[in-house]
Every structure is written in structure tokens, then in C-alpha cells.
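Following: one structure in C-alpha cells, then a few remarks.
Residue numbers start from 1 in every chain, and the chains themselves are labelled A, B, ... in the order their sequence lines are given, proteins ahead of strands.
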Amino acid sequence: MNTHSEVAASDDFAATLVRWQRQHGRHDLPWQTGEAYGVWVSEIMLQQTQVQTVIGYYARFMQRFPTLAALAAADEAAVMENWSGLGYYARARNLHRAAREVMTRFGGDFPRTVDDIESLPGIGRSTASAIASFCFGAQAPILDGNVKRVFARVFGIDGFPGTRAIEQRMWALAHELMPARDGGPYTQALMDLGATVCTRNRPRCDACPVADRCVAQAQGRQRELPAPRPARVRPLRLVHALLLRTPDAVLLERRPGQGIWGGLLSLPELAAQTETEAQAEAQRWLAVRGLAADEVQTLPAVSHGFTHFELRLVPLLARLPGATQFAADSTLHWQPLATLATAALPAPVRRLLDAQTRTGHV
DNA sequence: AAACCGGGGTG
DNA sequence: CACCCAGGTTT
């Protein structure tokens, strides 16, 4: 694996990036002090938020908790207050926990080896290596989103970098390319290149120090690499619901406080898997309450994409001729069409009702 | 509306 | 150990 030419090529890659970083990279970021506590805080903030936003939060956070000992001594609420607005509070809790672990396990001195750093909560391999190379001169490669993008393009690596196989290949590459010295500047160069030149959209290949050897550039495949996450196949969830109307109102049901659409108003759900079942269930639903509709009409489904599944809502329309004796209870109530606009409805239900009450005969 | 992203949780 | 998710923001 270590032919002379490959070693030379690796050294050249690193040397080229480090030269470029000296001239065109970022050197004035507030956490570029080589001081482990600040570097660590910035790395955690940068996992979730862009540099421009982090700068302000970082300054305030470091003013409030100037040292690792100060952070460890603070109570969790104070940490959360100063993280407030950044989101992802689990990371703030890990930061706080890790500060306390440094006090107890490492006597207050930030650990200096990748393995010890990685043993702290909220710090994985890549973040540990970044801290070790910036602060302790370690020759430890990182592999974050920026680096994955640079590698995929420069070396023409196909396949989604989130898969085990591609990620292992990239880690191996990261180790091969790691130079014998200048670990910090090289790591910074990779980060800067990914953040400022080899960006996801509209990469500035004319400003890239390794454009001359970039596979994506040569083949015009910058937009295809890295390969995107395969579209996840979201399971289809089919839900039948009763759309019970009078000429000027619609029956809505308050959903439970927990779970999907918690606390919002929606159509009463029918326990049914098929349209036939749903029809029967709708009739039974009405009969139990002493109601009679001329017919129950199955309307076209409305779809709504959730993170984890695709919802297809099939409305079964039943019309009552006029005001009904059927009284509301704690969860069911008649919503006047006139006030529908202000009701707390999930977006797809609102779409459905808007369409139905606009085109339906009132 | 979908993509993004390191670490942690889970099966 | 391999995969999947949560969580806000950006595109």
C-alpha cells in the first residue's frame, strides 16, 4: 500500500493544502488559540451551527464560563441558559457532564490523547481528533461532513458516505493522507477548504488548490458528489376519518396531548384498514349516536409527509340535513365553518377542509 | 419539503 | 456492532 509514489502523492496533497491554508485559510476565528477548552466548546457548537452564528454565542459562553473549571462548577440550568437559542440541548448537557468528568477523571486537565478525549460524552472520533491536532500536535485525522465532501470529489468516491463501506474507505484515506507533521494546519486546511471552497452548492473550483487533481472537477461531477443519502422509504400509514357535516358546521375531535398532532383538532378517526371497513365503521359510528345520513361518500385521500412515515388520510363524508341533537362532549365539538380559519388544525386537515367546504355544496 | 450532521441510542 | 434517530436550520 505504501509505494513511493503513493507516499509522495499523499505528502503532496497535505503540503498543497497547508500552503493554501496559510495564505487563504481562516486564522482569526476566536477559538483559534490552541487552548483545549475553547477549541472543544467551539467544536461542539460548530457541529450544529454555522460559524457566523457561533461567533456570538461563543463569546457570551466563554465570558460566562471562562474556564473548564467554571463550567464544571456551574449548575445545569445556567449552562442551558447560555446555550439557549442554539438548540440541540443534549449537546449542552453532554458538554457540562464532560466538564465535570474532566475534573474528576483527569484532575481538571483536559486530556491530551485522542482516546482519552473521545471517552468524554458528546465527543466522537472526529471531534476528538480535531481537538488533539489543534491543541496537542497530534497527527490524528478527522472525518466530518466537510472532509467527506472534499474526499468524495477529489478522489471521485461514489456512494453515500453514511454507509459503513464508504465511511471505512474514507477513514482509511484520511489516515493515508495525514502528514507526518503540521497536523493542526492540515486539519484546519481541510475544514477551511470544505467550508469556503468545496461547498455543497456552487463549489469555487477556480479557487481550489487541488482542482488540478480533482476527479469531480475533471468529470464535471461536482453536483453528483458526494452521493446523497438514498431516499428513505417511508412506510405508508393509511388513516380513515369521518367528515361529518351540517350545512354550516363540521364535527372535529380534540386529539390527545401526546403524539402526532398533540392537542390539535382533527377529524374523528375510524378504526378501519380498508374502505369497506371504513364505510361500515362510519355507519356504525352514526347509528350509535342516533344519527342518519343519506349516504357516506369516500373522498379522495390527502397525503402528508412526516419524517418517519407517509400519512394518507381518507375522508368519509356524511351530511346531516340541519342542526343536530347530538351534543358535543369533552373531545368532540361542532366547529362552525365561519370560524374554521382560526381553529387549531394540522396543515393537511386544513387543506382537506378548505377544499371540501369550498367546493362542497353547503 | 428535503437535506444536512456527528454522537448516542437501540436492536 | 451496525444501523437509525433527534434536533433546528438552510436550501
Side-chain angles (χ1 to χ4, degrees), chain A residues 39-58 79-80 82-99 101 111 114-134 140-153 159-171 174 187 190-191 194-196 198-204 222-236 258-260 262 302-313 346-348 350-351:
Chain A
V39 170
W40 168 45
V41 170
S42 74
E43 286 297 323
I44 301 301
M45 288 184 172
L46 289 166
Q47 284 176 5
Q48 64 202 34
T49 310
Q50 294 189 336
V51 167
Q52 272 316 309
T53 310
V54 163
I55 286 177
Y57 278 93
Y58 179 81
V79 178
M80 291 314 184
N82 287 270
W83 199 268
S84 166
L86 274 173
Y88 302 95
Y89 294 98
R91 289 174 185 173
R93 272 190 295 275
N94 279 335
L95 193 75
H96 187 222
R97 275 180 50 206
E101 281 193 24
V114 173
D115 285 345
D116 279 348
I117 298 171
E118 190 181 357
S119 74
L120 295 169
I123 302 182
R125 191 73 191 173
S126 191
T127 302
S129 294
I131 296 170
S133 66
F134 287 146
I142 63 164
L143 188 65
D144 65 6
N146 281 335
V147 178
K148 285 177 178 174
R149 187 169 55 251
V150 170
F151 284 0
R153 284 178 176 157
F160 171 56
T163 66
R164 185 80 189 144
I166 301 295
E167 187 158 328
Q168 277 184 345
R169 201 174 144 195
M170 288 189 170
W171 269 118
T187 297
L190 272 178
M191 288 181 168
T196 66
C198 196
T199 51
R200 190 166 76 91
N201 304 309
R202 300 165 160 270
R204 300 169 47 224
Q222 294 96 323
R223 271 200 309 193
E224 297 166 32
L225 296 174
R229 169 189 294 276
R232 56 176 119 191
V233 261
R234 290 177 302 187
L236 183 66
Q258 301 294 316
I260 178 182
V302 293
S303 291
H304 185 71
F306 285 86
T307 313
H308 308 299
F309 59 93
E310 164 106 4
L311 176 70
R312 193 165 298 168
L313 183 65
R350 177 174 301 286
R351 267 203 327 272

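Here the C1' atom of nucleotide B/dC5 and the CE atom of A/Met170 are 14 Å apart, to the nearest Å. Rounded to whole angstrom, the span from the CZ atom of A/Phe160 across to the C1' atom of C/dC3 amounts to 11 Å. Taking atom CG on A/Asp144 and atom P on B/dC4, their separation rounds to 14 Å, with Å as the unit. Straight-line distance from the CH2 atom of A/Trp83 to the C1' atom of C/dG7: 13 Å, rounded to whole Å. Rounding to whole angstrom units, CH2 of residue A/Trp171 and P of B/dG6 are separated by 10 Å.
Note that CD1 of A/Ile44 and CG of A/Asn94 are 8.0 Å apart. Values are rounded to the nearest 0.5 Å.
For the P atom pair drawn from B/dG6 and C/dC1, the interatomic distance equals 23 Å after rounding to whole Å. Taking atom P in both B/dC5 and C/dA2, one finds a spacing of 23 Å when rounded to whole Å. Straight-line distance between the P atoms of C/dC4 and B/dA3: roughly 16 Å, to the nearest whole Å.
In terms of phosphate contacts, A/Arg229 brings no side-chain nitrogen or oxygen within less than 4.0 Å of OP1 or OP2 of B/dA3. For A/Arg149, a side-chain nitrogen or oxygen approaches OP1 or OP2 of B/dC5 to under 4.0 Å.
Across all their heavy atoms, A/Phe134 and A/Met191 have their closest contact at CZ-SD, 3.7 Å. Closest approach of A/Pro161 and A/Ala227 over heavy atoms only: CD-O, 3.5 Å.
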Report, one pair per line, the protein and nucleotides 8-11 of chain C atoms (nitrogen or oxygen only) whose separation is under 3.5 Å.
| from | atom 1 | to | atom 2 | distance (Å) |
| --- | --- | --- | --- | --- |
| C/dG8 | N3 | A/Tyr88 | OH | 2.9 |
| C/dT11 | O3' | A/Asn201 | ND2 | 3.2 |

Pairwise N/O distances under 3.5 Å, protein to nucleotides 8-11 of chain B:
| from | atom 1 | to | atom 2 | distance (Å) |
| --- | --- | --- | --- | --- |
| B/dG8 | OP1 | A/Gly122 | N | 2.0 |

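A/Arg149 and A/Asn146 form a side-chain donor-acceptor contact under 3.5 Å, judged by distance and modelled atom types alone.
Within 4.0 Å of A/Arg125, counting heavy atoms only, lie sugar-phosphate atoms of the nucleic acid but no base atom. The residue A/Thr127 sits close only to the backbone: its heavy atoms come under 4.0 Å of sugar-phosphate atoms, none of a base.
No side-chain donor-acceptor contact under 3.5 Å links A/Thr49 to the backbone of A/Val54. One N or O on the side chain of A/Ser42 and one on the backbone of A/Val39 form a donor-acceptor pair closer than 3.5 Å.
Screening A/Gln168, A/Met170, A/Arg164 for a side-chain contact (heavy atoms from CB on, under 4.5 Å) with A/Ile166, the sole residue that qualifies is A/Met170. Shown are A/Asp115, A/Leu143, A/Ile142; of these, the side-chain contact (heavy atoms from CB on, under 4.5 Å) with A/Arg125 is made only by A/Asp115.
Of the candidate nucleotides B/dC4, C/dC3, C/dG7, C/dG7 has the atom nearest to the side chain of A/Arg91.
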